[in-house]
Amino acid sequence: MHRDTIDGVATITLDSPANRNALSAQLRRELIGHLDAAIADESARVIVLTHTGTVFCAGMDLKESRGAGAEQQGVTEVPRILSTIWESPTPVIARLTGPARAGGVGIVAACDLAIANEEATFAFSEVRIGVIPAVISVTVLPRLFPRAAHELFLTGETFDARRAVEIGLLNRAVPAAEVDAEVARYAAMLRLGAPLALAGTKELLRRSSSGVMADDFAAMNTLSAGYFAGEEGQEGIRAFGEKRKPSWVAAG
């Protein structure tokens, strides 16, 4: 596995094609380390999670899981990976040019945006080997339409990238030759956003309603006022009035 940061984009590459980028103990540890480093890197405005080989991620390494105890099965590491991506203040884009299965689909769902080639396929194959998609459900279920989740979790059926877009798992499915351009297009748009505003918007998107509309409006009004009065908000307002790029774009 390796990580490169170029022009504000940190690219983390799953690089274990011999086992289809399965979530082995080594890959899990390396992925956590690279995610933490990319998030801590102030020059990284966007994180792209991609892969070598023909498969994005085959899920847990079943050879390692055979006869293994809870810790060896990644009981703590997989939730750490998913929560780190989900809660990352830096936006994360999944770039797929191959299949994702089980835990690999959980990683795709944890990312803020997901782009795949039209040939990519997906499956929640857990029930077919006698387990359940419990951990990945935390990131997957907020993305999927409920009927689709019931169908695909229970049947384990393989579905294509077009269906993945339709049910909310992917943002875009494009021809293989266009994947990199589409990822670059989204990364460029994300870099136009102010870093703290992007982090705050991600937190907003994770927020659950209180169930009382008046309370929600009060909380959102307070939150909004803080951003308007903050350093980024004031810089953005000045830049708009002065017809120039704000500092976070000009610096990039």
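- Side chains of E178 and N117 form no contact here, defined as non-hydrogen atoms less than 4.5 Å apart.
- Residues W248 and E235 share a closest heavy-atom pair of CZ3-CG, 4.0 Å.
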Go through the steps to decide whether T97 and H51 satisfy the test side chain to side chain donor-acceptor pair (under 3.5 Å), and finish with yes or no. CA-CA 8 Å; T97 57; H51 63 103; 3.1 Å; yes

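- Judged by distance alone, the side chain of D216 and the main-chain N or O of S210 form a donor-acceptor pair under 3.5 Å.
- Atom NE2 of H150 is surrounded by 12 or fewer heavy atoms from other residues, nucleotides or ligands within 6.0 Å.
- Across all their heavy atoms, L14 and F56 have their closest contact at CD1-O, 3.4 Å.
- Residues E126 and I136 meet the side-chain proximity criterion, which asks for heavy atoms closer than 4.5 Å.
- When only modelled atom types and interatomic distance are considered, D4 and T11 share no side-chain donor-acceptor pair under 3.5 Å.
- Taking each heavy atom of A109 and L169 in turn, the nearest pair found is CB-CD1, 4.0 Å.
- Under the 4.5 Å side-chain criterion, counting only non-hydrogen atoms from C-beta, D7 is in contact with R191.
- Judged by distance alone, the side chains of T121 and R101 do bring a donor and an acceptor atom under 3.5 Å apart.
- The environment of CG in L204 is crowded: more than 12 heavy-atom neighbours from other residues, nucleotides or ligands sit within 6.0 Å.
- Across N21 and S16, no two heavy atoms sit closer than the pair OD1-N, 2.6 Å.
- No side-chain heavy atom of P99 sits less than 4.5 Å from a side-chain heavy atom of R20.
- Atom CD1 of I129 is separated from atom CE of M60 by 10.0 Å, given to the nearest 0.5 angstrom.
- Within the 3.5 Å criterion, the main-chain N or O of E77 finds no donor-acceptor partner in the side chain of R28.
- Nearest heavy-atom pair, A116 versus A120, reported as atom, atom and distance to 0.1 Å: CB-CB, 4.0 Å.
- Of all heavy-atom pairs spanning I167 and F159, the tightest one is CD1-CE1, 3.9 Å.
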What do the steps show when you test K202 against T90 for side-chain contact (heavy atoms from CB on, under 4.5 Å), and what is the final call? CA-CA 9 Å; K202 283 198 60 173; T90 307; over 6 Å; no

